[in-house]
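Structure first, then comments.
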Amino acid sequence: MNKLIPLILLPVILFSCSATKQTPKVQSPIAQQTVKHFAATGNEPFWSITINFDSTMYFNTADGYKLRVPAVTGEKAADANITRYHSETSQGALTVQVFNQPCEDTMSGKMNDFSVQVALKKAGATATEVYKGCGNYHGIYQLNTIWTLQSIGGTKIDPAKYLQGGPAMEIRLNDKRVAGNAGCNRFSGSFGVDGEEVVFGPLMSTKMACENMDIEMKLLSHLSGKSMKYRIAGDTLFLGEGTNLLTFKKAVRPSLGMKPL
């Protein structure tokens, strides 16, 4: 386990035309499949909701009720790992809470990444109807969770050597930010997706001195100010390739926070 040496709370920044005729950018098959949405369902009563982040939230039930409201940016709870989406029209209001905890479908037995609660208030109604179920992000929004580092350049990570269970990062696509713990120091910075690649801005980090800093320095140097190919297989995220390959596993743990450094 890392032993903290006297720490210094000093922020540090890791740094890593003639006119031409532009040709249309052709999206790759992978880029074309990066649909931005979240989908959830529930049983008894049967219901479903789809959040298309660039357009609408669409809720419907088995008895034929349907409600479509404008999509909104999710709000992250300050004291829990929950994302809340609230939107309304003259036809009704929807409040969707997405909990970062596994959820098993009560009929199919399928495991989902998130538990979901939908609060529906129909126009003119005095009572709020509550529906519970399971859901998942799809396309690039699969990135929108907490990832723990499993290996870097072929070197496996032993969580027992770290105070907080090993290096990890939380990606928030709506905020275009990433934050995490590199093993000793907290870090944060801008984050985006460009086709088949993820793009990390320069990362800001605290400057604490710990034992065994090699992995931390490698991780930050691999991420800060870099663009790299990404691939998701099940609950595993692969960043980069070859000797620079980073492997992460989807985590279920408290939010790492997006506190300014």
Side-chain angles (χ1 to χ4, degrees), residues 11-16 31 34-40 49-57 69-88 94-101 113-118 135-149 164 167-182 185-206 219-220 222-228 230 232 235 237 239 246 248-261:
V12 61
I13 300 291
L14 303 173
F15 292 101
S16 90
T34 55
V35 181
K36 302 179 180 180
H37 76 277
F38 178 85
I49 188 167
T50 300
I51 304 176
N52 292 305
F53 293 102
D54 56 359
S55 57
T56 59
M57 296 200 298
V69 297
V72 294
T73 299
E75 299 176 349
K76 195 77 172 181
D79 56 352
N81 204 4
I82 303 170
T83 303
R84 177 180 179 271
Y85 303 90
H86 175 81
S87 184
E88 57 187 86
L94 281 176
T95 301
V96 183
Q97 294 188 87
V98 179
F99 301 81
N100 190 12
Q101 58 188 38
D113 294 330
F114 299 90
S115 297
V116 181
Q117 178 175 294
V118 177
N136 293 294
Y137 287 98
H138 296 270
I140 63 172
Y141 269 78
Q142 294 178 82
L143 289 165
N144 210 56
T145 189
I146 299 171
W147 301 95
T148 57
L149 184 65
Q164 301 186 44
M169 65 179 179
E170 181 174 9
I171 295 173
R172 296 187 182 175
L173 293 177
N174 288 334
D175 298 327
K176 299 180 180 178
R177 301 287 294 175
V178 62
N181 188 295
N185 291 286
R186 292 184 296 112
F187 67 88
S188 67
S190 61
F191 179 87
V193 180
D194 183 12
E196 300 176 40
E197 295 187 337
V198 292
V199 182
F200 291 85
L203 299 179
M204 177 175 284
S205 170
T206 54
L219 175 62
L220 294 176
H222 275 61
L223 299 181
S224 186
K226 303 293 177 56
S227 298
M228 64 196 77
Y230 80 95
I232 297 176
D235 62 353
L237 169 65
L239 296 182
L246 305 176
F248 293 83
K249 186 78 72 174
K250 188 176 296 183
V252 179
R253 55 194 286 186
S255 174
L256 297 172
M258 301 292 286
K259 300 176 183 178
L261 300 178

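In this text the structure is predicted, and so the values were computed from the model without any measurement.
When side chains are defined from C-beta on, N81 does not count as touching Q101, because their heavy atoms never get closer than 4.5 Å. Looking at heavy atoms from C-beta onward, I49 lies in side-chain contact with L94 at the 4.5 angstrom threshold. Using a 4.5 Å heavy-atom threshold, the side chains of T95 and R84 count as touching. No side-chain heavy atom of L219 sits under 4.5 Å from any side-chain heavy atom of M169. Considering only heavy atoms from C-beta on, F99 comes within 4.5 Å of Q97 through its side chain. Side-chain contact between E197 and Y230 is absent, with no heavy-atom pair separated by less than 4.5 Å.
The aromatic rings of Y137 and F114 sit perpendicular to each other, their planes meeting at more than 60°, with 30° as the lower class boundary.
A donor-acceptor distance shorter than 3.5 angstrom exists from the side chain of S224 to the backbone of L203, with no hydrogens or angles considered. At distances below 3.5 Å, not a single donor-acceptor pair connects side-chain atoms of D113 with backbone N or O atoms of N136. The backbone N or O of R186 sits less than 3.5 Å from a side-chain atom of T206, completing a donor-acceptor pair.
For the atom pair H37 NE2 and I140 CD1, the distance stands at 11.5 Å (nearest 0.5 Å). Here CE of M228 is found 6.0 Å from CG of L246. Values are rounded to the nearest 0.5 Å. Atoms OG1 and CE, on T50 and M57 in that order, are 11.0 Å from each other to the nearest 0.5 Å. Here the CD1-CZ distance, from I146 to R172, works out to 8.0 Å after rounding to the nearest 0.5 Å. For the atom pair F53 CZ and L173 CG, the distance stands at 9.0 Å (nearest 0.5 Å). For the atom pair L149 CG and H222 NE2, the distance stands at 10.0 Å (nearest 0.5 Å).
Heavy atoms only, all atoms of each residue included: P70 and S87 are closest at O-OG, 2.7 Å. Summarising the geometry of R177 relative to S188, their closest heavy-atom pair is NH2-OG, 3.8 Å, with the distance given to 0.1 Å. Nearest heavy atom pair, residue L220 against residue S205, reads CD1-OG, 4.3 Å. When all heavy atoms of V116 and F38 are compared, the pair lying nearest together is CG2-CZ, 3.7 Å.
For the side-chain contact (heavy atoms from CB on, under 4.5 Å) with F248, the lone residue among T148, D235, L237 that qualifies is L237.
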